[in-house]
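Here the structure comes first, spelled out in structure tokens, and everything after it is commentary.
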Amino acid sequence: MISSDEWLIRKIKRGDDFAINEFVEKYYPIILNYCKKRVRDWGTAEDLTQETFVHFFRSLSLYRHHGKIQNYLYTIAGNLCRDFYKTNKEEIPMEETDLTGIRLSGMAQNGKLSYDPLEDVAEQIDLQMALDKLPDSYREIMKLHLLDHLQQIQIAEILNIKIHIVKYRIKKGKLLLQKILREE
């Protein structure tokens, strides 16, 4: 049975403008949110999101549907965000950040995070700063897990690594976050 995304891709490949609009409307907000959490600057996030779709549509003739298109878009966007940071080393001022609603209370006691978008902004800032202090090998996985609420299997697909590595890095990443947050 053909998935709705696969059907949409087939229509796009045939030049259906309505299918293109439907595709962008479906995935643009998700990818924009992902980019905002990575670069913490609205304008840059919009540029990277648009570039993600430009890259996708330019390489559409080579694309073969083998799973979730969203994971493929995350991969493109993640690569663009990493490239952005490699070429733009300057810090983004704190007043330009757009932080998520991650609640940190209870982390030190039981090692679990709970999600509450109405919690104190100071805790959100602490989490974002702590995530930025993680080693590269943990940072992206923890952001995908905590900020984007992706499942471990999705993270493994996006980063093209084995699921057991994702599980290990999430477990170790939580311990490192606890240590960083305790020190602050």
Side-chain angles (χ1 to χ4, degrees), residues 9 12 20-21 23-64 66-102 121-162 165-166 168-170 172-174 176-177 179-181 183-184:
I9 295 299
I12 291 170
I20 293 171
N21 288 336
F23 181 82
V24 172
E25 286 177 11
K26 181 177 181 179
Y27 289 109
Y28 191 91
I30 296 166
I31 300 304
L32 177 61
N33 190 41
Y34 175 86
C35 290
K36 280 192 319 189
K37 290 174 184 174
R38 297 301 165 289
V39 298
R40 293 177 280 158
D41 175 71
W42 182 261
T44 303
E46 285 181 323
D47 291 344
L48 291 170
T49 301
Q50 290 174 8
E51 185 62 30
T52 298
F53 284 93
V54 167
H55 184 277
F56 174 77
F57 287 120
R58 279 187 186 152
S59 62
L60 187 60
S61 63
L62 303 173
Y63 177 76
R64 302 291 174 256
H66 296 290
K68 291 187 175 186
I69 189 71
Q70 182 175 331
N71 291 349
Y72 185 64
L73 292 170
Y74 275 139
T75 301
I76 295 169
N79 289 337
L80 290 170
C81 289
R82 278 188 289 282
D83 291 347
F84 170 79
Y85 274 115
K86 286 178 187 173
T87 58
N88 300 293
K89 299 274 186 196
E90 75 269 3
E91 287 287 317
I92 298 170
M94 284 304 291
E95 61 271 8
E96 294 182 22
T97 62
D98 178 33
L99 302 170
T100 64
I102 303 281
V121 172
E123 287 184 350
Q124 297 171 20
I125 292 170
D126 288 346
L127 176 63
Q128 187 63 52
M129 292 173 69
L131 286 168
D132 289 341
K133 291 179 181 178
L134 288 175
D136 291 342
S137 60
Y138 298 100
R139 184 180 314 120
E140 188 68 16
I141 288 174
M142 293 305 291
K143 284 183 177 183
L144 290 169
H145 179 66
L146 296 175
L147 302 180
D148 294 323
H149 312 290
L150 295 180
Q151 296 175 0
Q152 294 172 350
I153 190 73
Q154 291 174 300
I155 295 169
E157 290 172 5
I158 290 168
L159 298 177
N160 197 26
I161 57 177
K162 297 196 181 295
I165 294 172
V166 172
Y168 171 79
R169 289 183 183 170
I170 287 173
K172 179 81 172 178
K174 285 180 180 180
L176 291 171
L177 277 176
K179 182 179 178 187
I180 292 168
L181 291 167
E183 291 173 357
E184 294 177 353

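Computed from a predicted structure; not experimentally measured.
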Please enumerate all residues that pass ring-ring contact (aromatic ring centres under 6.0 Å, His included) together with F57, with sequence neighbours excluded.
F23
With rounding to the nearest 0.5 angstrom, report the CG to NZ distance, D132 to K143.
4.5 Å
Side chains of E51 and D47 in contact at under 4.5 Å (non-hydrogen atoms)
no
What are the two closest non-hydrogen atoms of Y138 and K172, and how far apart are they?
OH-CG, 3.3 Å
Taking T75's backbone N and O only, do any of them form a donor-acceptor pair with N79's side chain (distance below 3.5 Å, no angle check)?
yes
Where at least one partner belongs to residues 23-35, residue pairs that pass salt bridge (charged side-chain N to carboxylate O under 4.0 Å, His left out), sequence neighbours excluded:
D5-K26
Is it the case that over 12 heavy atoms from other parts of the model lie below 6.0 angstrom from the CD atom of Q151?
no
I want to check something: taking the side chain as every heavy atom from C-beta on, are L159 and V166 in contact at a cut-off of under 4.5 Å?
no
Side chains of N71 and Y74, heavy atoms from C-beta outward: is any pair under 4.5 Å?
yes
Nearest heavy-atom approach of L181 to A130 is CD2-CB, 3.8 Å
Side-chain heavy atoms of L60 within contact of I9, under 4.5 Å:
yes
Determine whether K174 and H145 make a side-chain contact, defined as any pair of heavy atoms from C-beta on separated by less than 4.5 Å.
yes
Just verifying a value: how many Å separate L146 CG and L131 CG, rounded to the nearest 0.5 Å?
6.0 Å
Does the side chain of I69 reach to within under 4.5 Å of the side chain of F56, using non-hydrogen atoms?
yes
Between A77 and I31, which heavy-atom pair has the shortest distance, and what is it?
CB-CG2, 3.9 Å
Can you see which heavy atom on R169 is nearest to which on S137, and at what distance?
CD-O, 3.3 Å
What's the spacing between L32 CG and F53 CZ if we round to 0.5 Å?
9.5 Å
Reported CD1-to-CD distance for the pair I161 and E140, which is rounded to 0.5 angstrom:
10.0 Å
Let me confirm one number: the OG1-OH distance from T49 to Y27, rounded to the nearest 0.5 Å.
15.0 Å
Shortest non-hydrogen contact from C81 to R38?
SG-CB, 3.7 Å
Rounded to the nearest 0.5 angstrom, the NE2-CG distance for H55 and L80 is 7.0 Å
Non-hydrogen side-chain atoms of E157 and Y72 separated by less than 4.5 Å:
no
Hey, are the side chains of K133 and R139 touching, using non-hydrogen atoms and a 4.5 Å cut-off?
no
